[in-house]
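The next block holds one structure in the form of structure tokens; read it before the comments.
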Amino acid sequence: MKTDRKGRPKRGKHCRRCDGHGKRIRIGRRLFNAARRTWHDATAEPAARAARKDTPPWR
């Protein structure tokens, strides 16, 4: 933690994974989402693969 100019503690950065909301996806759900995404990408048409935007795993 850092302090402000008056010596009071300042808040730090917010969590990257939950974007400061305090809600996180459970581990099992993250694994399921990754497996489903992998299956979908492997069986999708080539044009659909190119159209899908890559998102970070914590969103």
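Everything quoted here is computed from the prediction, not taken from an experiment.
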Spacing of [atom1] belonging to [X] relative to [atom2] belonging to [Y], to within rounding of 0.5 Å:
{"X": "N33", "Y": "R26", "atom1": "CG", "atom2": "CZ", "value": "10.5 Å"}
{"X": "R36", "Y": "R29", "atom1": "CZ", "atom2": "CZ", "value": "6.0 Å"}
{"X": "K10", "Y": "T3", "atom1": "NZ", "atom2": "OG1", "value": "8.0 Å"}

